[in-house]
Visitor: 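Pasting a structure here, questions to come.
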Amino acid sequence: MAYEAVIGLEIHAQLRTQTKIFCGCRTEFGAPPNSQVCPVCLGLPGALPVLNRIAVDYGIKAALALGCEVQPGSIFARKNYFYPDLPKGYQISQYERPLALGGGLDITVNGVRKPVRLTRIHMEEDAGKSLHEGFPDSDRRTYIDYNRSGVPLIEIVSEPDMRSAAEAAEFFSRLRAILVWIGVTDGNMEEGSLRCDANVSVRPAGQTALGTKAEVKNVNSFRYVEKALEYEIERQIEIVETGGRVVQETRLWDSSAGRTLSMRSKEEAHDYRYFPEPDLPPLVIDEARIARVRATMPELPEARSRRFVSQYAIPAYDAGVLTQSSALADYFEATAAAVNPKAASNWIMGEVLRTMKERGQEINVVPLRPPALAGLITLIEKGTISNSVGKDVFAKMYDSGRSAQEIVDAEGLAQIGDEGALTAVIDEVIRVNADAVAQYRGGKQQTFGFLVGQVMKGSKGKANPKLASDLLKRALG
Ligand SMILES: [Zn+2]
C-alpha cells in the first residue's frame, strides 16, 4: 500500500529588537551569562511587564508579509508549567486570541508550486537556557543563563498542508528567507533565532482522515528537518504496515544518531492551565498602525523577482536566484545599473556566489563590491580582455580591492587586438605546423580549430579570438 505523510510546522522566530518583550534588557546574543536580566525577566515578585512596541510592529510586519489578517484585538495569556529556565513558573504567550490569523506561503518542490496555508501567528516570550555541559561539575549540576528569558518571539503555525520531508524543508527555508528579507529576525539558526517543531502523521494515500500524529521537536536546520521527517515518516509507515498503532507523543530529533526518540507521551503532556495575563491589557491594533507598518515594508521577494524579469530582461530562473536575499538583489541591481544585466547576472550567479560559498561568506561582506564587478564586466564587453582572462582577473580582484583595469594594466593582460602583433604569432604558427597547414589546405577543415588553438596559445591566451580566426583564415588563403 502507498502511504502519504501529513506535515504541519510550528516555527519560532526571535524578533530582532534591541530589548526584550516585557522589559528594557538587551537581547544581544553571546553576552556573559545573566548579564542581561532584571526583576521582570527574572520573574521576581511584584515586577510588572510592559509590552515592547517594536516587537509588536515586527509581528505585524511578519503577518502582513505572509498575507495574514492582523487581529484588532489579541490577548496575552499565562502558560503555566514548571521548568528551571522559566523563573516565573509561567510563560506569557498568546493563546485563544493570537496576533494574526490565516495567510500562507507558496513553495516550489521539483518544479511543482503549491500553497501552504498558515493557521496563525502569535507572540510570546522566550525562556532562559539550561546549560548542561561545559562546567567542571556538569555531571552533578545544571547552570542557567537567563539572558534569553523574555526575548521576543513570534510563533508561526502552518496548516498540515505538506506531504513530504522535502516540502517541509522548503517551507522552512522560504519562511526564513522572507522573515530575514523584511528584517524582523536575523534568521541565525546556530544562535537559535529560528527553531522548528514538526507535527507529522501518515495515512494510506487517498484517505482523507488523518492518522495519529507525533510532534518532532527542535529540528533546527533545513537539513535536519528533512532528515528527521524522512526518518519519522518511515518509522510510522513501518508501525502501521506491521499492524501497530502510532502513539501520540512528543519526539526529539537526535542528529548524531540520525533518529527520533520518544520524549513524552500524551499521558504525560502538560496541562498548561492557560488564563489571560492580568498584568497586561488586551493588545489593540488599529488600521492606522497597520498602515504605518505596511509603509515600512520593502518590496517582497516574489514581486522583486517579477520586476527583475521585466525591467532587466533576465530569465525567471536568474531572477529567482538573485532574490534569495535582499542584499543579493541589491548587489545585482547596483551592478546591472552599469553594465548589461544578463552579464551581471551571469557573473553574480557564477563566480560571485561560488567564491562566497567557498569562503562561507554572506553577500554583504563580500569585499568585491558592485562598482568593481561592473568595471570587470565592462573590460570584457569592450573586448579589452576575454571572458576566460576575466575569471583570472576576478580571482585577483576579489579580496585585493584592486580594480580590473589596474590588474589588466599591471600584468599586461589586455587582448592583442592589434593586427601587427598577431600576424607575427600567426606566421610562427604556420611555420612550425607545416603538416597541419598542408592538411587544411588539402581540405581537412577540422585542422583549422587546432591552428586557432595554437595562435591562442602562442599569444598566451591574449589574442582576441575573433581577430585571430579572421587573420589566420586570411593567411592560409
Ligand atoms: Zn529584564
Side-chain angles (χ1 to χ4, degrees), residues 9 11-19 21 27 51-74 94 98-108 113 115-124 151-158 170-188 193-194 283-312 316 319-334 336-337 362-364:
L9 297 183
I11 291 165
H12 286 90
Q14 183 182 320
L15 298 175
R16 241 183 82 235
T17 53
Q18 295 191 340
T19 56
I21 186 166
T27 55
L51 182 58
N52 181 333
R53 202 170 294 154
I54 309 279
V56 176
D57 284 347
Y58 282 176
I60 295 172
K61 201 170 186 179
L64 293 176
L66 295 166
C68 313
E69 249 177 74
V70 177
Q71 300 301 293
S74 58
Q94 294 184 317
L99 176 77
L101 294 172
L105 184 62
D106 285 357
I107 56 170
T108 303
R113 192 180 166 98
V116 175
R117 293 165 300 157
L118 297 182
T119 314
R120 57 189 270 158
I121 299 180
H122 65 254
M123 302 192 68
E124 61 187 29
V151 163
L153 304 176
I154 47 173
E155 180 174 343
I156 300 168
V157 181
S158 88
E170 176 62 14
F171 174 82
F172 189 17
S173 161
R174 291 292 308 152
L175 186 64
R176 176 187 181 275
I178 288 183
L179 296 176
V180 172
W181 181 286
I182 61 174
V184 300
T185 180
D186 63 19
N188 190 322
S193 298
L194 220 55
L283 173 56
V284 176
I285 297 169
D286 59 17
E287 285 299 325
R289 183 170 190 181
I290 296 173
R292 263 201 316 279
V293 173
R294 200 188 295 277
T296 66
M297 187 77 75
E299 186 183 20
L300 292 172
E302 295 251 327
R304 199 165 184 187
S305 174
R306 281 196 300 274
R307 178 168 65 78
F308 280 10
V309 172
S310 61
Q311 183 177 341
Y312 299 108
V321 173
L322 295 169
T323 51
Q324 279 170 357
S325 74
S326 61
L328 184 64
D330 291 344
Y331 192 98
F332 165 72
E333 289 212 89
E362 295 287 333
I363 188 75
N364 51 339

Visitor: Given side chain to side chain contact (heavy atoms under 4.5 Å, CB included), test Leu194 with Asn188 step by step and report yes or no.
Guide: CA-CA 7 Å; Leu194 220 55; Asn188 190 322; over 6 Å; no

Visitor: Minimum heavy-atom separation for Ala55 to Met123, with atom names?
Guide: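 Looking at all heavy atoms of both residues, the shortest contact is O-CE, 3.4 Å.
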
Visitor: With side chains defined as the heavy atoms from C-beta onward, is the minimum distance between Val157 and Glu155 less than 4.5 Å?
Guide: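 The answer is yes; the side chains approach within 4.5 Å.
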
Visitor: Testing the basics here: between Ser305 and Gly320, what is the closest heavy-atom pair and its distance to 0.1 Å?
Guide: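 Reported closest heavy-atom pair: OG-N, 3.8 Å.
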
Visitor: Sub-3.5 Å donor-acceptor pair from the side chain of Trp181 to the main-chain atoms of Glu299, do we have one?
Guide: yes

Visitor: Between Phe332 and Phe308, how do the two ring planes meet: parallel, tilted or perpendicular, split at 30° and 60°?
Guide: tilted

Visitor: Would you compute the distance between atom CG of Leu99 and atom CD1 of Ile156 and round it to the nearest 0.5 angstrom?
Guide: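 So the CG of Leu99 and the CD1 of Ile156 are separated by 10.5 Å.
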
Visitor: Are Leu15 and Leu153 packed together at the side-chain level, in the sense that at least one heavy-atom pair is separated by less than 4.5 angstrom?
Guide: no

Visitor: I'd like to check Ile154 versus Tyr58 (side-chain heavy atoms, cut-off strictly below 4.5 Å). Are they in contact?
Guide: no

Visitor: Any side-chain heavy-atom pair from Val56 and Arg289 closer than 4.5 angstrom?
Guide: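 With C-beta onward as the side chain, the pair touches.
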
Visitor: Under 6.0 Å from the CD atom of Glu69, do we count more than 12 heavy atoms belonging to anything else shown?
Guide: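 Atom CD in Glu69 is not crowded, with 12 or fewer foreign heavy atoms closer than 6.0 Å.
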
Visitor: Keeping the roles fixed (side chain from Thr185, backbone from Leu179), state whether a donor-acceptor pair exists under 3.5 Å.
Guide: no

Visitor: Would you indicate whether the side-chain heavy atoms of Gln324 and Ser173 approach each other to under 4.5 Å?
Guide: no

Visitor: If you round to the nearest 0.5 Å, how far is NE2 of His12 from NE2 of His122?
Guide: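 One finds 5.5 Å between NE2 of His122 and NE2 of His12.
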
Visitor: Could you pull out the closest heavy-atom pair between Thr27 and Gln14, with the gap in Å?
Guide: O-NE2, 4.4 Å

Visitor: Of the non-hydrogen atoms in Ala63 and Ile121, which two are nearest, and what is the gap between them?
Guide: CA-CD1, 3.8 Å

Visitor: Side chains of Leu300 and Ile182: does their closest heavy-atom pair fall under 4.5 Å?
Guide: yes

Visitor: Do Asp106 side-chain atoms and Arg113 backbone N/O form a donor-acceptor pair below 3.5 Å?
Guide: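 Flag not set: sc Asp106 to bb Arg113 has no pair under 3.5 Å.
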
Visitor: Return the CD to OG distance between Glu362 and Ser325, rounded to the nearest 0.5 Å.
Guide: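 One finds 7.5 Å between CD of Glu362 and OG of Ser325.
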
Visitor: From Ile54 CD1 over to Lys61 NZ, what is the distance, rounded to the nearest 0.5 angstrom?
Guide: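 Between atom CD1 of Ile54 and atom NZ of Lys61 there are 10.5 Å.
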
Visitor: Roughly how far, to the nearest 0.5 Å, is CD1 of Ile60 from CD1 of Ile285?
Guide: 4.0 Å

Visitor: Is there a donor-acceptor pair closer than 3.5 Å between any side-chain N or O of Thr323 and the backbone N or O of Ala319?
Guide: yes

Visitor: Hey, what do you get for OG1 (Thr19) to CG (Asn52), rounding to the nearest 0.5 Å?
Guide: 4.0 Å

Visitor: Might you work through the salt bridge (Lys or Arg N to Asp or Glu O under 4.0 Å) test for Arg304 and Asp330, ending with a clear yes or no?
Guide: CA-CA 10 Å; Arg304 199 165 184 187; Asp330 291 344; 2.7 Å; yes

Visitor: Using every non-hydrogen atom in the two residues, find where Arg176 and Gly187 come nearest and quote the distance to one decimal.
Guide: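 What the structure gives for the nearest pair is NE-O, 2.8 Å.
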
Visitor: Can you give me the closest heavy-atom contact between Pro152 and Thr17, atom names plus distance?
Guide: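 Where Pro152 meets Thr17 most closely, the heavy atoms are CG-OG1, 3.1 Å.
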
Visitor: Taking Ser158 for its side chain and Leu9 for its backbone only, find out whether a donor-acceptor pair lies under 3.5 Å.
Guide: yes

Visitor: Spell out, as yes or no, whether a donor-acceptor pair under 3.5 Å connects the side chain of Arg16 to the backbone of Gly183.
Guide: yes

Visitor: Applying side chain to side chain contact (heavy atoms under 4.5 Å, CB included) to Val116 and Arg174, what does each step give before you reach the verdict?
Guide: CA-CA 11 Å; Val116 175; Arg174 291 292 308 152; over 6 Å; no

